[in-house]
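One is the number of the first residue; the rest follow in order along the sequence.
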Amino acid sequence: MNKLIKSLIGGGIVAGALGGSWMYAQSTAKDKLDTYLRANRLDRVLSYGEINYNPLSGKAEITDIKVFDDNVAKLLDGDLKIDKLTLLALETEPGADNTLHIKWEGLNINLLALARNTGVYRVSRLENTSPVPTLIALGYDRVTLNGEVDYHYSPDDETINLTAKFGIDQLGEITESVSVVNVREFLLRDLARLESQLDPENIFQTMQAFEEFGRENESNLRRIGIKSVALRYDDKGLMERIYAFGDVEQIRLPDDPSGFPEELVRRISKVEKEIQRADISDIPGGNKTREMLLDAVSRTTDFLEDPDFISLSWTPRRPIQLDQLNRLNRDKELLLQAEIKVDS
């Protein structure tokens, strides 16, 4: 009996200590967030409901976020609202991996109000137009945006892996991934220190500081290269609406065998024929590149015929340095000196 009582008392003390520590962590997290908002003068334009912090995982969840900036309110006919924001930052000692995770859910946008207040409302074609009236034409009066960003830096191989995911309910989701190599750890530390010292409202000072940082670290910045890039789109209803809009625009019935989806497939097949007819000497990489491009066209056709997902990955033979990126648009040889893979 005495052992049982001692166990219960001991368990109660431990539970009480843990509970007290948990409550203290919640209070400390709230104090830190409030202090940060005040220090950066964000408390004037931003409010939130609750913050729930898990001291074991380091994850914080902030709910019912509102941005009450007058200019934003005029555009949206109301405050900008986010249902939930999740943050996970693992701060480690120099020489260890660094991880950051940000996720937001329920960013609600009134597209009708945004279009009306910016003077753009109607659209009759899907080509050469801005996203807001296009989405309205497709039947999206209001949208809910969700997003997620994962950042990981490994100082051992000096590599940054960054993945960003952006989705709209009943529309689709885009995932982008990039791997960057030859990033010296001290560059990130110095950059973070520089950002903490700058006044975000002093744009001139900020530009000068970054220009000076670039000059001082030019040789190390030139070493940085893009190792791989990947892009994926998961359809959640957008393509069906585009097809329906295209059929109406061209006065075609949904069951018409020559409808809008078939028209897109015919356009893609023309591209396929042009690749097949192209002089092999005009294609960097020869037959291997031709087969790679033909496979990409085939996968694109599969997606158009049955929209589910489509992905593109680009992996150059050697990392592309940052100062070479501007050449990609006009240098097809540099662009095609890579493994390009499309899946659907």
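- Around CD of Q321, the count of heavy atoms belonging to other residues, nucleotides or ligands within 6.0 Å exceeds 12.
- Residues satisfying the side chain to side chain contact (heavy atoms under 4.5 Å, CB included) criterion with I310, sequence neighbours excluded, are Y233, T300, F303, V342, S344.
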Checklist entry - Between K270 and E274, does a salt bridge (Lys or Arg N to Asp or Glu O under 4.0 Å) hold up when you go through it step by step? => result CA-CA 6 Å; K270 291 181 180 179; E274 289 177 3; over 6 Å; no

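- Looking at heavy atoms from C-beta onward, I160 lies in side-chain contact with L188 at the 4.5 angstrom threshold.
- A salt bridge (charged side-chain N to carboxylate O under 4.0 Å, His left out) check over residues 102-112, counting only residues at least two apart or in different chains, returns the pairs K84-E105.
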Next on the checklist: Please determine whether salt bridge (Lys or Arg N to Asp or Glu O under 4.0 Å) holds for the pair D234 and R232, giving the CA-CA distance in whole Å, both sets of side-chain angles, and the decisive distance to 0.1 Å.
Outcome noted: CA-CA 7 Å; D234 288 272; R232 175 183 171 116; 2.8 Å; yes

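- Around atom CD of E240, no more than 12 heavy atoms belonging to other residues, nucleotides or ligands sit under 6.0 Å away.
- Contact record, D169 with Y140: O-CE2, 4.4 Å, taken as the closest heavy-atom pair.
- Separating the OG1 atom in T86 from the CD atom in E61 is a distance of 4.5 Å, to the nearest 0.5 Å.
- Between L162 and V149, the shortest heavy-atom distance links the atoms CD1-CG1, 3.9 Å.
- Atom CG in N182 sits 8.0 Å away from atom CD1 in I224 (nearest 0.5 Å).
- Shown here for L145 and W104, the closest heavy-atom pair between the two residues is O-CD1, 4.1 Å.
- A donor-acceptor distance shorter than 3.5 angstrom exists from the side chain of R241 to the backbone of L138, with no hydrogens or angles considered.
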Next on the checklist: Please evaluate residues L231 and W314 with respect to the criterion side-chain contact (heavy atoms from CB on, under 4.5 Å), reporting the C-alpha separation (whole Å), side-chain torsions for both, the decisive distance (0.1 Å), and the verdict.
Outcome noted: CA-CA 9 Å; L231 182 67; W314 179 74; over 6 Å; no

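- The two atoms that bring G172 and K236 nearest to each other are CA-CG, 3.6 Å, heavy atoms only.
- At least one side-chain heavy atom of L46 sits under 4.5 Å from a side-chain heavy atom of I65.
- Contacts of R193 classified as salt bridge (charged side-chain N to carboxylate O under 4.0 Å, His left out), with partners at least two apart in sequence or in another chain: D190.
- Of the possible donor and acceptor atoms, none in the side chain of Y151 sits under 3.5 Å from a partner among the backbone N and O of N98.
- Closest approach of H152 to T99, counting heavy atoms only: ND1-OG1, 3.1 Å.
- Residues R222 and E218 form a side-chain contact, since some pair of their non-hydrogen atoms from C-beta on lies under 4.5 Å apart.
- R290 places a side-chain N or O within donor-acceptor distance of the main-chain N or O of Q276, the cut-off being under 3.5 Å.
- Without hydrogens or angle criteria, S269 side chain to R266 main chain gives a donor-acceptor distance under 3.5 Å.
- With a 4.5 Å cut-off on side-chain heavy atoms, T301 and L264 do not count as touching.
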Item to check | Intermediate values then yes/no, side-chain contact (heavy atoms from CB on, under 4.5 Å), L312 and V229 | outcome: CA-CA 8 Å; L312 167 67; V229 177; over 6 Å; no

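- Of all heavy-atom pairs spanning V183 and Y153, the tightest one is O-OH, 2.7 Å.
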